[in-house]
Each structure stands twice: as structure tokens, then as C-alpha cells.
Amino acid sequence: QGFETLWVPGVDHAGIATQAVVERRLFEEEKLTRNDIGREALVERIWKWKDQYQTRIIGQLKQMGCSCDWQRTRFTLDDVCAKAVRHFFFKLFKEGFIYRGKRLVNWDTHLQTAVSDDEVKHVTVDGSFWYIKYPVIDPQPGEPEYVVVATTRPETMLGDTAVAVHPDPETQTDKVIAELEARLAGAPEKEKTELQKELDELNERKSSEILSDLKVLARMAADNRSVMLPLLNRPIPLVADEWAKPEKGTGCVKITPAHDPNDYEVGLRRNLPMINILNKNGTLNEEAGPFAGLTTKKAREAVVTALDELGLLVKVEDRVIELAHSDRSKTPIEPFLNDQWFVKMETLAQTAIESVTGQADGAPAPKSITAPDGRLPKERNSDDKARITPFRYTKSYLDWLGEKRDWPIGRQLWWGHRIPIWYCKGVSEAELEKAFSGRDDVHWRKDPETGDWWVCCEEDGLAASAVPGRELVQEEDVLDTWFSSALWPHSTLGWPDDTPELAYFYPTNTLITSRDIITLWVARMVLAGKFNTGQKPFDDVYIHPKILDKYGETMSKSKGNGVDPLSVIGKFGADAIRFALAYLCTESQDIRLALDFECPHCGAVVEQTKKNRVLHRIACPKCKKDFRTQWAESDEDKALPEGLIAGERFEVARNFCNKIWNAARFVLMNLSVSPKPGTPCSDALGFLEDQWIFSRLETVTRDVTESLESFRFAEAMRILYDFAWDDFCSFYVEMLKSRLADDQHKSLAMRMLLYVLDNLIRLLHPVIPFVTEEIWQRLKGAMPNAAYEESITIAPFPVVDESLIKPEVEQQFKVFQEVLRAVRDVRASRNVPPKTEISFSVRCDKQTAELLKPMEPYFLSMAKAKATAWGEAVKAPALSAAVPLTGMDVYVDISELIDVKAEMAKLEKEIVKLDGFIKGKEAKFDGGFADKAPAAVVEKERQSLVDLKEQRQSALTSLEQLSNLHPGT
RNA sequence: GGGCGACUAGCUCAGUUGGUUAGAGCGCUGCUUUCACACGGCAGAGGUCACAGGUUCGAAUCCCGUGUCGCCCACCA
């Protein structure tokens, strides 16, 4: 369409995932851990690994024919991106958006790093629920001697710093009861039993000792009373906090702020000490007293035994629990209190919320824009709001941002952008001012906890000795990968420098991505883009469906159910994978894609199963020979031929490409003289099929353009598939064969074929670049004098000419197709030998007769049927097969082959069918249809009913005629 | 617990704002191989649109509910 376009290819460093993979390999191959080889050596190894995979990923894109700007390939850790990251961080730091705080992280004790919530998977396991007594200190008369708490993780009691009770248990219980009653009233029958049971229990509790005890405890909490933490004999306060639910468990809850997210919140609210009892390797530290050094598992047993011996263990219940596991190491996650850097989200999230269109019809639909004058399409959407397509994803974007939760940006990793913060112990602000006077790339802020200073430097690094007499130590942690990915739209264009690229291409037009990173990536790109540049990063966000495997599971490396595009390309070609993917791109959120292996030795299809899909090599069950999979790593495995992946969707696409190729071959074959390409319009108006193909082509051009511009890729592909296969190949090319054989008509026929093919391949080229380019080059070669562009890639995309769209012509052509099909059907169903020519006649009105008479040669070439008569007066020949159609009857003369009984049976069946339709329609009119439906619809239905009745009458007449021949039947 | 989505032919899926007799590919059945393409051609069979209500002259489509499956978010002392 003539636009200046840019597609920046690139990869991000995928911090945790990448480091974990390299560490795992390091351990598997050399039995070394990251601590054995050190930060520098590990990072060096990860770079090597990354180079290898970047090459592979970029290679996959290239082989798929993606037309990226390869010389602009970016990586989130390269210098250009790193500079942007430091600038972004510095700007945030300087403006007060960055702070440091304690936070519970998901600690992977195996990898010894924090992992993000997304990398934590919950696994259902059988666990226990322990009830433990904590003695009350100095119980007064009327007060309980113990409080009982329940836990699934008894070892964490060593880190308890309080026991919480609700400040007003009675009111709270009443409130819960009231809510439950309200729910019960509106609940479906099925759930009522369970709700009622719950309600009964609560009511019972209300009058029980539990509640009266809780009331006493609430008062004691208000009086700042304490209980004794057993085993460690540490007095801990009884606190009043809403987190303790009087309706649940014992109504009291132990508070372990350093090892439980909710308890942490309580700890903050009640100003409780936070005692970390864990070492980074998952063993207990000195805070655990006699239990120090034990693993959490051993400590749990020891704690339970010790409590039991003291008579403080009330009971143990079996309980199914959802235990958090690290997705990376598959080991249980320990919540762990750690220092973290955060970005305050309040105002940033608000700008991101305001930067997307929150109403489905809030933004105009994209319009077709062609820009021969080089106008940029970004002018079309200048309200500074991005639009998400499909719109339903807007909700998850807005909901997530609405929580405005601060963004923890530090990761305890070595692979990533190291946080540009330096610590300096004992330094005074005056010293900093002196050391950095005149520098605007350094900013400092006081650590409210220690009183030390944090120094942030935008440039690449501060020397340890930058402050005379002091030592600067850089933060060990690196930044979350999304911190750098968030900058992608502007950092890759050179921000913070004022580059021409940034001025020209930013804001960008379209971001295409997967729904699972709408929050992680899209939301952060919007807020970072607005914060850094003041503008939204893109006009449109297109969320494509996600391809799942045949079991409906997401594809992942660890499951081994992913697809290497190169495997698909190897078997079906790049055009096929591209077409197949575009064809699958509906508004649906999932696409299931069944794939199987194909044995390279014998061609047998080997079903892909959950078991064999992760193997490096597979033995073919048919020929017993081994083949490799995409996972092959050893030289031995790699030497085997690859079992390519088969898939029905790819086959369909491959067949389509093949069809296009063959159609083009046919056209090329007939280019005996060099016709001029161009619109052969005026000459072609004499032929119905020419007018028809023009109309179809322009309709298709219009619809495809509109579909592509509104991200309806599957629809665009379906339109092109149907047009190319059915209209162009099955009808137009077939019809023009007879014109090509006629010297008088040959020239125009050739120009017509060329014209349609030329437009078709231009329309297909964005999706099927390789085959269409090859066809283009051959056309160019066949017509050296024609003004073909050097490559189809730079040839103009067709622009619709609406004046050629003629619905009445398309309707007329349908009549031809209907008659042709009727004749062909008679041939096929009556077993007329293919070489036998038959004759037929058609009873129809005058206009139709005039329309179809010129088509006689096509009935001959396409159905080997000779037309003998057209018109109102046509009567059925004595021994014919009659096909009643809308407004006409087709009589095929099959006197040699006729089976009268069978013909009659067919007609009778047809009449029954028509009766059904007629009844349905008449019933419709018996209702208030005619009065209430729009006039156009009523008229259409009325006509349809008339036609059906006529058709029925024709069938009856034909039946009568046949039965006269055989009076007995 | 909250949200989103799916359920249409044996299989995999289309079906835009409600409107003629619900479509495609694969598979299946019959015929077809010098004549662009067997990765092809022609024709055919095959569906109570998950279930139950409702709105409407009219529902695959809109509304309420049920079931099954999947995904996302939150939480589970």
C-alpha cells in the first residue's frame, strides 16, 4: 500500500528462564554450580548460549519469510537498550518513583533465587493440619489458659511474632452469617445443602465456647497481653487484626511475618518484628534455636515431636493442600523476606489506564488508507489512546492496572541489567555533593532505614572510589526482564537520543502479541512509553489466538509439545506455515493444533503422545528404524533423519499453495505471444464470465483489504482461498480453456487470465511470499517488455475499483453454475460414462434463456453436455431426468440409460423435501410475520414461497409424465 | 472465590449487526489419470448448532439458568 514500514526484530534476555537453563546444563554436564564458577564466568556462558539461540530464533523468522529490518535487530541487553534502561531507571529514581523495601518473595531454595509469581505452580498434595496450644502468660480468672492455632506449616512457628484475634469476633460472625444467609437465599438448589451446613456450623459456633473465648481474647489483645511461644519460650503479643477470621479454624491465627504474605501484611499493620528463620539454601538459621541447621522438612518433624512431648499438640487432621512449587526447579517454594526495589505504580498505572480505549465502540474502525504520497497511517488514530483487539482483553488490562500494585523490579540473578544503584556506608550528603558536583547523571537518596545513601548513576558505572575515602558498592541484583522489555517500542529506536527513527516511527502502529503477557508486557510498555516519551507506544494492540496442542495444553519447552517452525517448513514449505497460521487466526482465544510425527524412512504417521514428544529419538513402530526429533542433542541423534511433523492444517495450506502454483503454470503455458498486461476492461464486457470475474475480483480485493486492516486474518485467507480455488481455478480458468483454443478470442482471454492472476498473487503475496514471487519473476521473464516491478514485494497492493462490482452479474453467473451442477449431477448419479456426450434442454424465462445461450460452449466443455433448447416453451423430452430448480427446469436426455422407476423415486423424494420447506414457510406467514418483519424480508420470503411451489409443480408434472410411460407404477 | 472463553457434520473448525433450505477442510461413498494441478477433477451422503427455559413474526446468533472442558487472576492460618 506504499507505506514506509518498520518491523524491528529482536529478542529479550528472559532472565530467570535463561539463567536456569544454563545453570542446569552446567550442573548436568560439569557438576558445577554458579557459585563454583562465579558471576563473570556464568554471564559469559549465558551470552554464548544466548548467541546460539538468538541465531536460531532469527533464523526461524528469516526462513518463515518475515520481512523484518534485519540490520536493526535488537537484544534487550545490548548497548542501545542498556542505555535506555539506565536512563529510565534514573528518571524514575530522580522523580521519586523508586524505593526499596522488604518484601516476601517466592524463594527457590534449589536455584537460590526469587522467582516471580508466574513461575510458581500450585500442586495438590496430601498434607496435615496441626492444632497447637500457645500458653497465655498470667491468665486471669475467666481467661483461657491457652490459645489454639492451626497451621499446615508448624515449623514456621519458630518465626512467629504474634497471635492474632479479630477485634470484634461477635459482630464479624454475625456479618458472615448474614452474608451466608443472603447467598443461601439466591443459591441454586444444588449448593444449598452445603451452604446450609456451613450456616449451621456458624450458628453453633456463635453459641459455643469458641466465640466467648474469642471475645475474651479480643479484650486481652486490646490490653496488650501476650502468649508464650513454645519451644523458643519467647513472649509474643496477642494482637487484634481483621485478618483473623472468627468463623474459621480456631478463630486465632499465628503470625509469621517473614514467611507468609498475609502475615507480612499483619506485621506491617501491627508493627511486629519480622524474624527470618531461613537460610537461602532452605535450612533453618540461628533464629530457630535448637532447630538451626535442619531442613524445613526435618524441622517440621522435630517441631511436631517436641510440641507433642510438651503436651501442646491438640490434634492433627489430614488435609489436601495446594503447595507452591517452583516451575523452574520443581522444588517447593519458601516464602522469604528479602530486600527489594520497587516502582510506585499509583500515577504510572493511572496514565496507562487512561491510554487505552475503554469502550468497544470508542474508537473508529480502521479505514482503508493507501498512501501513494507517503502519508503515515499513524495519522488515522491521533487521540493518544491505544485500542486492544479483540476488545474483550481490554478488561483484563484495565483490571490488572486498577490494582495499582507496586512493581518489584529486582531479581536475585546475575543475568540481566544490574541495578544502577551504589551503596555507600557512612557517607555524608556533603561528601556526595562534593564528589559529584556538576554531574547531572548522578542522583542520591537517603535509605530511610539505615540512614545511608543510595547513589544512582545513569552512565555506565561508577568507580568504587568515586567518593574520596569511601567505598561505593553496586547493588548485586539485576532488573526484571520486563523492565527492559517495557521500553521496546522506543528504546529500539534510539531513545533517549533524538534519533530520526524515533521521530519518524514513534508512536508505532501495531503491537501483536499473546494474551498471557497483556499485563506483564503490554501494560508496562504503555506506562513506560507515556512516562518516557509522553506518547502512547502504539495505536493498536492485536492479541492473537494461542496455539495449543491436541490435548488442549499450552505449548512449552518443558512439555516438549512445541513446534519448531523449521520442521514444518521442511515438510510443507514456508508459504504453507504462513498461510496455515493466518488461516487459524480467528477471534477465538485458543486454537488446537494436532500434530504427529512422520517417519522419514517409511512415511508412516507416528502419533505424537505425551510420552514420545519429549524424546530425542523415536523408533518407528512400522519400519522399526530410528529417527530424530527437534530435541536431538547428541551427535549420534543429530545424525539421524528428522521425523517431520505432519498436521492437517499445514497440508491444507500446502495444497492451496500448490494449486496457485499450478494455476500460474497454466497461465504461463498459454503465453504464446506477449500480451500487454493491464486492465482489459472494455473488450471484456461482452462475456458474462469476464464481467463476473471482474466483479468477484474487486469484491475480494475490497473484503480482503478490510479484513486485514481490522485484524481478521482468517477471514481474509478464507476469502482468498475460496476465490482462488473455486472462482478462478474451478470456473474461470476452465471456461477460458475453450476461448484460448479459438484464435479469434485467444488474445483477450490471455489478457484476462493474466490480469486476474496478477491481482490474485498481489493479494496473496503478504501471506504467501515465496510462491507468488516465483510466479511474478516468471511472468516478468515471459514478458520482458512489460513494466513489472523488480519484485512483487514492492509492487502495489490492489486497490478496489467499486464500479466493477456488479451483484446482478454475480447472481446471473450463479444461475449458470446451478444449471451446470444439475447437468453434472444427472451425469454422475445416472452413471453416464464420462466420454458419452449427452444433451439437455432448459425451461426458463426469456431473460435467462438469453443469458445462458451464449454459455453453451461451456456446458459442452465442462459437462460434456449439448444444449438443445432454452425458453418458456421447452417441454421435457420423453425419457429424461428432470431437475426442478428455482424458476427453471433442467431436462437431461438420458433415453439410452434411463431407469424410469429410479427417476420417479428421485422426483418423489424431491417433492417430499419441497413440501417440507413449503409447510415451514406457510407456517411463518400464518404467524404475524408479514405484519412485523421488514418489507424487504417479507418480499423475499414471499418470492421464495412462490418459487418453491413452482418447483414442486414442475416436479409433479415430470412425475406424471414418467408415470404415463409406466402406468402401473 | 472473581473473570474470560469454548461446546455447530465422524474429526478440526468458520458462521460480522437475529432473516431464504447452517458452511469449509479432512475423512467417507461413487465416478475420474495424455490434455495446469491425484497435493487434482466431478458428484454425493452426513448436523435437534451441549442441555433446559425466555425474548421475538423469526434464534446457532440476544437474555437467564444447567452441564462439560479450558484459560487467567486472587486466595486457602
Side-chain angles (χ1 to χ4, degrees), chain A residues 117 122 129 149-153 156 163-164 188 190 243-245 248-256 260-263 319 321-322 392-393 395-396 399-400 403 515-516 518-519 546 548 550-554 572 576 583-584 586-594 647-649 651-670 707 710 712 714-715 718 721-722 729-730 733-734 737 821 824-829 831-834 862-863 886 913-914 916-917 920-921 924-934 936-938 940-941 943-945 947-948:
Chain A
D117 293 345
H122 291 267
F129 201 45
V149 294
T151 178
T152 57
R153 292 157 62 218
T156 62
V163 168
K190 216 183 83 183
W243 167 240
K245 308 273 191 296
K248 275 189 169 176
T250 65
C252 292
V253 57
K254 62 193 269 308
I255 301 297
T256 322
D260 182 280
N262 293 303
D263 293 4
R319 183 175 246 215
I321 51 177
E322 298 283 315
R392 63 173 182 275
Y393 292 113
K395 189 170 160 53
S396 50
D399 286 353
W400 185 82
E403 293 177 24
R515 70 186 131 91
D516 30 15
I518 291 171
T519 53
K546 194 163 153 180
L548 309 177
K550 65 175 142 190
Y551 305 105
E553 295 177 13
T554 57
F572 298 105
Y583 200 69
L584 290 169
T586 61
E587 277 222 12
S588 151
Q589 63 176 15
D590 303 313
I591 294 165
R592 265 191 297 165
L593 189 65
E648 190 216 312
R649 313 302 292 255
E651 256 176 59
V652 169
R654 188 265 323 263
N655 293 354
F656 178 61
C657 295
N658 187 253
K659 186 77 177 174
I660 296 294
W661 173 244
N662 280 303
R665 272 182 53 219
F666 174 79
V667 174
L668 281 156
M669 231 174 60
N670 283 286
S707 301
S710 38
R712 298 195 307 266
E715 187 179 296
R718 187 181 49 73
Y721 184 98
D722 291 347
C729 292
S730 295
V733 169
E734 287 306 318
K737 278 177 182 171
R821 169 174 293 222
R824 282 171 163 177
D825 179 19
V826 170
R827 289 196 70 114
S829 55
N831 295 320
V832 180
M862 297 171 82
T886 307
K913 204 170 105 185
L914 290 166
F917 294 152
K921 295 243 187 254
K924 201 173 198 176
F925 278 98
D926 286 344
F929 172 70
D931 302 328
K932 301 207 177 173
V937 175
V938 175
K940 216 161 133 193
E941 286 295 288
Q943 185 57 46
S944 163
L945 185 56
D947 290 342
L948 283 170

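- Along RNA chain B, the nucleotide nearest to Pro261(A) and the one nearest to Val832(A) differ in position, and the one closer to the 5' end is contacted by Val832(A).
- Minimum atom distance to the side chain of Glu941(A) is reached by U20(B), of the listed G30(B), C26(B), U20(B).
- A cation-pi geometry, defined here as NZ or CZ lying under 6.0 Å from the six-membered ring centre and within 45° of its normal, holds between Lys737(A) and Phe666(A).
- Two residues are said to be in side-chain contact when any heavy atoms from C-beta on lie closer than 4.5 Å; Ile518(A) and Trp400(A) fail this criterion.
- Between Lys921(A) and G58(B) there is no side-chain N or O to OP1 or OP2 distance below 4.0 Å.
- When the nucleotides C13(B), C31(B), C42(B) are ranked by their closest atom to the side chain of Pro834(A), C31(B) comes out on top.
- Among the atoms of the strands shown, base atoms are found under 4.0 Å from some heavy atom of Cys729(A).
- For RNA chain B, each stem of at least three Watson-Crick or G-U pairs (distances under 3.5 Å) is given as range with range: B:1-7 with B:67-73, B:10-13 with B:23-26, B:28-32 with B:40-44.
- No engagement by Ser829(A) is indicated, since no non-hydrogen atom pair under 4.0 Å with the nucleic acid exists.
- Rounded to whole Å, the separation between the P atoms of A50(B) and A22(B) comes to 15 Å.
- Checking Val253(A) against Tyr721(A), the closest nucleotide of RNA chain B that is more toward the 5' end is the one next to Tyr721(A).
- Residue Arg515(A) is in sugar-phosphate contact alone, with no base atom involved, counting any heavy-atom pair closer than 4.0 Å across all strands shown.
- Arg153(A) is linked by a side-chain contact (heavy atoms from CB on, under 4.5 Å) to Thr151(A), Glu155(A), Thr156(A), His259(A), Asp260(A), Arg300(A), Glu334(A), Pro335(A), counting only residues two or more places apart in sequence or in another chain.
- Listed candidates were G25(B), C57(B), G44(B). Nearest to the side chain of Phe929(A) is C57(B).
- Proximity of Ser396(A) to the phosphate of C4(B): no side-chain N or O atom is located under 4.0 Å from OP1 or OP2.
- The CZ-C1' distance, from Arg718(A) to G15(B), rounds to 8 Å in whole Å.
- Put simply, Lys546(A) has no side-chain N or O that comes within less than 4.0 Å of OP1 or OP2 on G5(B).
- With hydrogens and angles ignored, no donor-acceptor pair closer than 3.5 Å exists between the side chain of Glu403(A) and the base of A74(B).
- Counting distance only, with no hydrogens placed and no angle test, the side-chain atoms of Arg392(A) and the base atoms of C4(B) include no donor-acceptor pair under 3.5 Å.
- When each of C57(B), U12(B), A36(B) is scored by its nearest atom to the side-chain atoms of Lys932(A), the top-ranked nucleotide is C57(B).
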